[in-house]
Amino acid sequence: MSYEKELAAAKKAVSLAARLSQEVQRTLLQSQVWKKSDRSPVTAADYGSQAVVSLVLERELQPDKLSLVAEEETGDLRKKGSELFLEGVTTLVKDTLASEESYTGSPLSTDDVLNAIDCGKSEGGSSGSHWVLDPIDGTRGFVRGEQYAVGLALLVEGKVVLGVMACPNLPLASAICVTDKSSQEDVGCLFFATTGSGTYVQSLKGNSLPQKVRVSSNENLDEAKFLESYHKPIPIHGTIAKKLGIKALPVRLDSQAKYAALSRGDAEIYLRFTLNGYRECIWDHAAGSIITTEAGGVVCDATGKSLDFSKGKYLAHKTGIIVTTMKLKPWILKAVRESIEEENLYF
Ligand SMILES: Nc1ncnc2c1ncn2[C@@H]1O[C@H](COP(=O)(O)O)[C@@H](OP(=O)(O)O)[C@H]1O
Ligand SMILES: [Mg+2]
Ligand SMILES: [Mg+2]
Ligand SMILES: [Mg+2]
């Protein structure tokens with residue numbers, strides 16, 4: 001199956017959500033950053049992006065029932081005192097949809113926006129088709145004015161078959177080796193992949209044709225570049241990198257932009273070990289994983305097994321996510337195994 005119609009709808013949804021998020025990022029004030037019950041940040045862009053993607057998928061695909069597994073919920077938006085904020089989100093969604101010719105003139109109420117966000121309550125699973133959405137991944141990076149992504153994937157019978165990811169602040173040239181000023185200014189990437197058809201990137205501005213991307217062919221660990229999350233140092237990453245003989249310091253990036261950067265060869269390794277038994281959500285990895293594997297990369301857990309997206313909203317895996325190239329996988333897994341043993345870590 002080619003998933004042509006689904007891909008076109010997903011690209012449209014993600015591009016519009018990215019447009020909304022860029023608008024918010026330009027004018028965001030610290031006072032507009034809310035805290036969720038787990039203390040993590042959320043903004044009008046997280047809610048607005050989820051509403052836009054939900055509404056666009058609904059309008060473009062007109063499914064009997066849209067099944068969407070998405071990060072945001074409407075509990076806080078429905079509380080007393082949130083009315084102004086909700087009005088603001090509704091205006092953002094309305095203006096974003098109105099910027100698309102085919103959607104001009106459709107009325108939209110705050111209830112429509114709340115219902116569109118609530119549409120993301122599906123639990124996913126191993127049967128049927130489910131869309132998986134992280135409306136703003138890397139909200140911390142978004143708030144700092146740095147990297148973030150809008151990640152949308154389609155799960156069919158428990159397998160990711162399509163992924164689209166917008167990285168509005170990622171240079172088209174490279175996330176790491178920015179050589180001249182013009183390549184720094186040319187930012188905003190849209191990555192997409194469907195099963196068996198490879199991974200492509202195009203400018204988010206829509207002014208270039210899609211280019212096929214491949215992971216790095218570098219086998220020399222001395223020169224390998226390694227990515228990790230921005231927000232928390234994870235000691236075992238350093239142990240693994242030292243064992244591998246990697247000379248460069250890790251490059252810290254927020255969001256699934258790490259998967260996208262690796263898919264086009266900006267870096268060879270992305271390690272994601274977590275502290276305190278944190279459970280990974282599927283929306284943090286679904287789009288990124290297919291974008292990497294379709295570009296010839298590998299995404300697995302600390303034991304070398306592929307990630308399983310079929311168990312509901314959480315990933316079922318042995319702690320530690322490893323993203324790398326086929327060629328380097330055996331070396332990384334060996335270093336991971338030895339580091340886990342040496343540090344007496346039992347996951
Ligand atoms: N303690 C933790 N360990 C690992 N991931 C965490 C975490 N707390 C939150 N996250 C997840 O990590 C994501 C960001 O990943 P990264 O660090 O690669 O930028 C967050 O996505 P959101 O920003 O969408 O909430 C959130 O889901
Ligand atoms: Mg996320
Ligand atoms: Mg998010
Ligand atoms: Mg979040």
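Note that ligands are numbered from 1 as they come in the structure, with each ligand's atoms numbered from 1 the same way. Position 1 is the first residue of the sequence; numbering continues from there.
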Query raised in the report: For ligand 1, is any non-hydrogen atom under 4.0 Å from Ile136's backbone (N, CA, C, O), its side chain (CB onward), both, or neither?
Result: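 The backbone, only.
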Query - Within reach of ligand 1, part of Asp134 (heavy-atom separation under 4.0 Å) - result: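 Only the side chain of Asp134 comes within reach of ligand 1.
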Report task. Would you kindly say whether Ser255 and Gln147 are connected by a side-chain donor-acceptor distance under 3.5 Å? Result ->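 Ser255 vs Gln147: no donor-acceptor pair found between side chains.
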Query raised in the report: So, Ser67 versus Ser122: side-chain donor-acceptor pair below 3.5 Å or not?
Result: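 There is such a pair between these side chains.
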Report task. May I ask you to check if Arg144 and Tyr230 form a cation-pi contact, with NZ or CZ under 6.0 angstrom from the six-membered ring centre and within 45° of the axis? Result ->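 Yes; both conditions hold, so Arg144 lies above the ring face of Tyr230.
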Report task. Determine, for Tyr103 and Lys12, whether the Lys NZ or Arg CZ falls below 6.0 Å from the six-membered ring centre while staying within 45 degrees of the axis. Result ->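 Here Lys12 passes the 6.0 Å and 45° test against Tyr103.
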Report task. Using distance alone, determine whether Glu280 and ligand 1 share an N or O pair under 3.5 Å. Result ->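 N/O-N/O distance under 3.5 Å: no.
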Query raised in the report: Hey, does Trp283 come in under 3.5 Å of ligand 1, counting only N/O atoms on both sides?
Result: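 Between Trp283 and ligand 1, no N or O pair is found under 3.5 Å apart.
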What's the shortest distance from [atom] to any protein heavy atom, and which residue and atom give it?
| atom | answer |
| --- | --- |
| atom 27 (O) of ligand 1 | Asp284 OD2, 2.7 Å |
| atom 14 (C) of ligand 1 | Asp137 OD1, 4.0 Å |
| atom 15 (O) of ligand 1 | Arg272 NH2, 3.3 Å |
| atom 16 (P) of ligand 1 | Ser229 OG, 3.4 Å |
| atom 19 (O) of ligand 1 | Ser255 N, 2.6 Å |
| atom 9 (C) of ligand 1 | Tyr278 OH, 3.5 Å |
| atom 25 (O) of ligand 1 | Glu71 OE2, 3.1 Å |

**Report entry** Smallest separation among heavy atoms of Lys5 and Glu60, with atom names
**Finding:**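 Shortest heavy-atom contact: CE-O, 4.2 Å.
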Sub-4.0 Å atoms of ligand 1 with respect to non-hydrogen atoms of [X]:
| X | result |
| --- | --- |
| Lys232 | 1 (N) |
| Lys258 | 16 (P), 18 (O), 19 (O) |
| Gly138 | 22 (P), 23 (O), 24 (O) |
| Asp254 | 19 (O) |
| Thr274 | 3 (N), 4 (C) |
| His231 | 17 (O) |

Is any side-chain heavy atom of [X] closer than 4.5 Å to a side-chain heavy atom of [Y]?
| X | Y | result |
| --- | --- | --- |
| Glu6 | Ser129 | no |
| Val323 | Lys258 | no |
| Trp283 | Asp137 | no |
| Leu97 | Val56 | yes |
| Gln202 | Leu172 | no |

Query - Stepwise salt bridge (Lys or Arg N to Asp or Glu O under 4.0 Å) check, Lys36 with Glu72 - result: CA-CA 10 Å; Lys36 297 204 277 192; Glu72 306 306 339; 2.8 Å; yes
Query - the Mg ion (ligand 2) to Asp284: nearest N/O/S atom name - result: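 This residue's closest N, O or S atom turns out to be OD1.
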Query raised in the report: the Mg ion (ligand 2) to Asp137: any N/O/S contact under 2.8 Å?
Result: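 It does: Asp137 brings an N, O or S atom closer than 2.8 Å to the Mg ion (ligand 2).
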Query raised in the report: Looking at the Mg ion (ligand 4), is one of the N, O or S atoms of Asp134 less than 2.8 Å from it?
Result: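 It does not: Asp134 brings no N, O or S atom closer than 2.8 Å to the Mg ion (ligand 4).
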Query - Candidate pair Asp222 and Lys247, rule side chain to side chain contact (heavy atoms under 4.5 Å, CB included), full reasoning - result: CA-CA 6 Å; Asp222 252 19; Lys247 294 218 177 79; 3.0 Å; yes
